[in-house]
Amino acid sequence: MAKKTEVQYYQAVGRRKDAVAQVRLYVTGKEKSATVNGKKIGVGEIIINDSQLEKAMPGQVERKRCILPLELTDNVGRFAISIKVRGGGPNGQLEAIIHGISRALVVLNPEEYKATLRKHELLTRDSRTRERRKVGTGGKARRAKQSPKR
């Protein structure tokens with residue numbers, strides 16, 4: 001039986017609106033892959049909710065924005081990345097993924113990456129969320145019910 005080696009990873013959570021992304025950056029070392037949930041992830045691969053980046057985000061612009069923190073810190077192709085994202089819509093999930101990757105990179109090397117990511121505003125959580133619906137507003141958050149004139 002082969003000796004099982006533990007792969008080191010750096011973990012962070014990214015949030016936006018109602019979306020929450022749990023990001024793990026696997027440092028594989030000599031090995032060329034990391035095993036996550038029984039599946040092998042190669043170096044440079046990004047897995048989002050058990051599917052490849054290309055399937056999870058079909059748009060080229062979304063894929064480019066997803067790897068923006070890695071490009072800014074010259075880490076494209078260095079890690080095997082596993083992401084679990086839930087809640088919110090497609091744009092909120094994308095923003096949560098970007099936030100999570102940025103925070104994981106800061107956990108990896110704060111002195112080198114924090115200033116760069118902060119300058120591009122990737123570490124600041126965008127706290128704007130959907131406003132709750134108030135009672136007596138006719139189904140909307142701020143709209144007042146129409147009053148009869150006569």
Completion exercise
Scanning both residues in full, the closest heavy-atom pair of Gly100 with Ala12 reads O-CB, 3.6 Å
Fill in the blank from the handout: Between the CG atom in Leu105 and the CG atom in Leu70, the distance rounded to the nearest 0.5 Å is 5.5 Å
Practice task
Return the minimal non-hydrogen interatomic distance between Ala56 and Ser51, and the atom names on each side.
Solution key: CB-OG, 3.8 Å
Exercise for the section: Answer yes or no: does atom CD of Glu131 have more than 12 heavy-atom neighbours from other residues, nucleotides or ligands under 6.0 Å? Expected result: yes
Completion exercise
To the nearest 0.5 Å, atom OG1 of Thr137 lies from atom CZ of Arg142 at 11.0 Å
Handout entry: Hydrophobic cluster membership, Tyr113 vs Leu25, 4.5 Å side-chain cutoff
Key = yes
Completion exercise
NE2 of His99 to CG of Leu94, rounded to nearest 0.5 Å, is 13.5 Å
Exercise for the section: Go through the side-chain N and O atoms of Thr73 and Asn75 and say whether any donor and acceptor fall under 3.5 Å apart. Expected result: yes
Handout entry: Partner of Arg16 under side chain to side chain contact (heavy atoms under 4.5 Å, CB included), chosen from Gln93, Arg125, Arg128
Key = Arg128
Practice task
For Ala80 and Ile41, work out which heavy atoms get closest and say how close.
Solution key: CB-CG2, 3.6 Å
Handout entry: From CA spacing to verdict: salt bridge (charged side-chain N to carboxylate O under 4.0 Å, His left out), Glu95, Lys17
Key = CA-CA 9 Å; Glu95 298 274 334; Lys17 293 188 178 181; over 6 Å; no
Practice task
State, yes or no, whether a side-chain contact exists between Leu122 and Arg103 at a heavy-atom distance under 4.5 Å.
Solution key: no
Handout entry: Any residue meeting ring pair (Phe, Tyr, Trp, His ring centres under 6.0 Å) with Tyr10, in chain and number order, not counting sequence neighbours
Key = none
Handout entry: Sub-4.5 Å side-chain heavy-atom contact between Ile47 and Ile81
Key = no
Handout entry: Considering all heavy atoms, the nearest Arg65-Asn91 contact
Key = NH1-OD1, 3.9 Å
Practice task
Please say whether more than 12 non-hydrogen atoms of neighbouring residues, nucleotides or ligands are located less than 6.0 Å from CG in Asp18.
Solution key: no
Handout entry: Any Thr124 side-chain heavy atom under 4.5 Å of Asp126 side chain
Key = no
Handout entry: Cluster link Val107 to Ile98, ILVMFWY, side chain under 4.5 Å
Key = yes
Problem - Heavy-atom donor-acceptor pair, Lys114 side chain to Glu112 backbone, under 3.5 Å - result: no
Handout entry: Arg78 side chain near Val43 side chain, heavy-atom distance below 4.5 Å
Key = no
Exercise for the section: Kindly give the heavy-atom pair with the smallest separation between Glu71 and Lys64, and that separation in Å. Expected result: OE2-NZ, 3.3 Å
Handout entry: Verify same cluster id: Phe79, Met57 (apolar side-chain graph, 4.5 Å)
Key = yes
Problem - Euclidean distance, Glu45 CD relative to Lys39 NZ, rounded to 0.5 Å - result: 11.0 Å
Practice task
Without swapping roles, check the side chain of Arg15 against the backbone of Ala21 for a donor-acceptor pair under 3.5 Å.
Solution key: no
Exercise for the section: Would you kindly say whether Gln11 and Gln22 are connected by a side-chain donor-acceptor distance under 3.5 Å? Expected result: no
Completion exercise
Value for OG (Ser102) from CG (Leu117), rounded to nearest 0.5 Å, stands at 5.0 Å
Problem - Close side-chain approach of Val106 and Leu123, heavy atoms under 4.5 Å - result: yes
Handout entry: Straight-line distance of Lys134 NZ to Arg143 CZ, nearest 0.5 Å
Key = 14.5 Å
Handout entry: Between Tyr9 and Tyr26, ring centroids under 6.0 Å
Key = yes
Practice task
Consider only side-chain heavy atoms of I, L, V, M, F, W and Y, link residues closer than 4.5 Å, and tell whether Ile97 and Val13 are in one cluster.
Solution key: no
